[in-house]
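Since the model is a prediction, treat every value here as computed from it, not as a measurement. Hydrogens, waters and symmetry mates play no part in the numbers below; they use all other heavy atoms, side chains included.
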Amino acid sequence: MFMKPRFASLDEILPLRQAVIIAGTTRDSPFFPGDRDATTRHAGVFDGDRCIACATFLIQPFEGRPAWQLRGMATAPERRGQGLGRALIAFAEATLPAESGLGVLWCNAREPAAGFYETLGWRRVSGVFDVPGVGPHFRMVRQLPDEHEDA
């Protein structure tokens, strides 16, 4: 049975962030700057009350223009490979442009995840760089669909 992504509260996604994103790094907190901003959107996929995949979308500049930054994307290890990450990205692409009019989605992708984003139409716009305590990353970007395009 496929579960649909939905907007979520920060408190709903924090346990998964702590377990998946923070584990194995030198970070000690699952919080990101901007998590509680009024414009920030958190999304998750849930199995009952348990968050099994999550992502956060913050308004952060990309090349000097307002854009959505994807942060904190995670899937529970036992649920990987089930399309939940793809579903979260599709949910974001469908809902964020209509909500805000911002046309770009970007992220700093961990090196092992870059290929996943490329299969979804994202492109690398930087060489590899190190995030201290976390590891190698690439900056990646995706143009969001124009909310005014005719279907």
Side-chain angles (χ1 to χ4, degrees), residues 1-8 10 12-35 40-47 50-100 102-147 149 151:
M1 174 169 93
F2 185 76
M3 293 156 257
K4 288 178 55 172
R6 64 168 173 81
F7 287 116
L10 177 60
E12 287 178 301
I13 68 168
L14 281 177
L16 182 62
R17 258 201 215 167
Q18 180 69 43
V20 174
I21 296 173
I22 304 308
T25 73
T26 59
R27 290 182 54 125
D28 60 357
S29 172
F31 292 96
F32 298 129
D35 267 340
T40 297
R41 299 291 176 258
H42 305 285
V45 179
F46 295 84
D47 186 356
R50 181 175 171 247
C51 182
I52 56 173
C54 67
T56 294
F57 304 92
L58 305 106
I59 297 178
Q60 291 292 325
F62 178 78
E63 297 183 348
R65 298 178 65 194
W68 287 106
Q69 180 186 12
L70 165 63
R71 291 201 69 184
M73 188 158 167
T75 301
E78 74 277 7
R79 302 304 291 262
R80 290 185 183 144
Q82 297 178 7
L84 302 178
R86 287 178 182 275
L88 279 169
I89 296 294
F91 176 74
E93 290 177 354
T95 59
L96 294 178
E99 182 175 294
S100 68
L102 301 178
V104 173
L105 185 58
W106 69 277
C107 72
N108 292 326
R110 289 184 187 198
E111 188 175 41
F116 163 77
Y117 290 107
E118 287 174 326
T119 66
L120 299 176
W122 293 58
R123 61 185 172 85
R124 296 179 199 205
V125 293
S126 79
V128 68
F129 61 94
D130 188 61
V131 174
V134 181
H137 283 67
F138 291 96
R139 179 155 295 165
M140 301 191 74
V141 66
R142 171 132 169 89
Q143 189 71 37
L144 291 169
D146 184 345
E147 65 180 298
E149 287 179 357

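Taking each heavy atom of G34 and T40 in turn, the nearest pair found is O-OG1, 2.6 Å. For the residue pair F138 and V128, the shortest heavy atom distance occurs at CE2-N, 3.6 Å.
Classification of the F57-W68 ring pair by plane angle, with boundaries at 30° and 60°, yields perpendicular.
R139 places no side-chain N or O within donor-acceptor distance of the main-chain N or O of S126, the cut-off being under 3.5 Å. Between the T56 side chain and the G72 main chain, no donor and acceptor come within less than 3.5 Å of each other. With hydrogens and angles disregarded, no donor-acceptor distance shorter than 3.5 Å links the side chain of Q69 to the backbone of P61.
In terms of the side chain to side chain contact (heavy atoms under 4.5 Å, CB included) criterion, residue partners of F31 (sequence neighbours excluded) are, by chain and number, L10, L14, S29, D35, R36. Residues that satisfy the salt bridge (charged side-chain N to carboxylate O under 4.0 Å, His left out) test with E118, not counting sequence neighbours, are R124.
The side-chain heavy atoms of I89 and W122, taken from C-beta on, include a pair separated by under 4.5 Å. Between T119 and R86, some side-chain heavy-atom pair lies under the 4.5 Å cut-off. Looking only at side-chain heavy atoms (C-beta outward), P77 and V20 come within less than 4.5 Å of each other. Between V141 and Q143 the shortest side-chain heavy-atom distance does not fall below 4.5 Å.
In R80, the CZ atom is crowded: over 12 heavy atoms of neighbouring residues, nucleotides or ligands sit closer than 6.0 Å. Applying the 6.0 Å contact sphere to CD of E63 captures no more than 12 heavy atoms from other residues, nucleotides or ligands.
In this structure, CG on L102 lies 8.5 Å from CG on L144, to the nearest 0.5 angstrom. Taking CD1 from I13 and NE2 from H42, the interatomic distance works out to 5.0 Å, rounded to the nearest 0.5 Å. Atoms OG1 and CZ, from T75 and F116 in turn, are 7.5 Å apart once rounded to the nearest 0.5 Å. A distance of 8.0 Å separates SG in C51 from CZ in R6, rounded to the nearest 0.5 Å. Note: R79 CZ to L16 CG = 11.5 Å, rounded to the nearest 0.5 Å. R71 CZ to W106 CH2: the interatomic distance, rounded to the nearest 0.5 Å, is 8.0 Å.
Geometrically, R142 does not engage Y117 in a cation-pi contact, judged by NZ or CZ lying under 6.0 Å from the ring centre and within 45° of the ring axis.
For the residue pair R41 and T95, no side-chain donor N or O sits within less than 3.5 Å of a side-chain acceptor on the partner.
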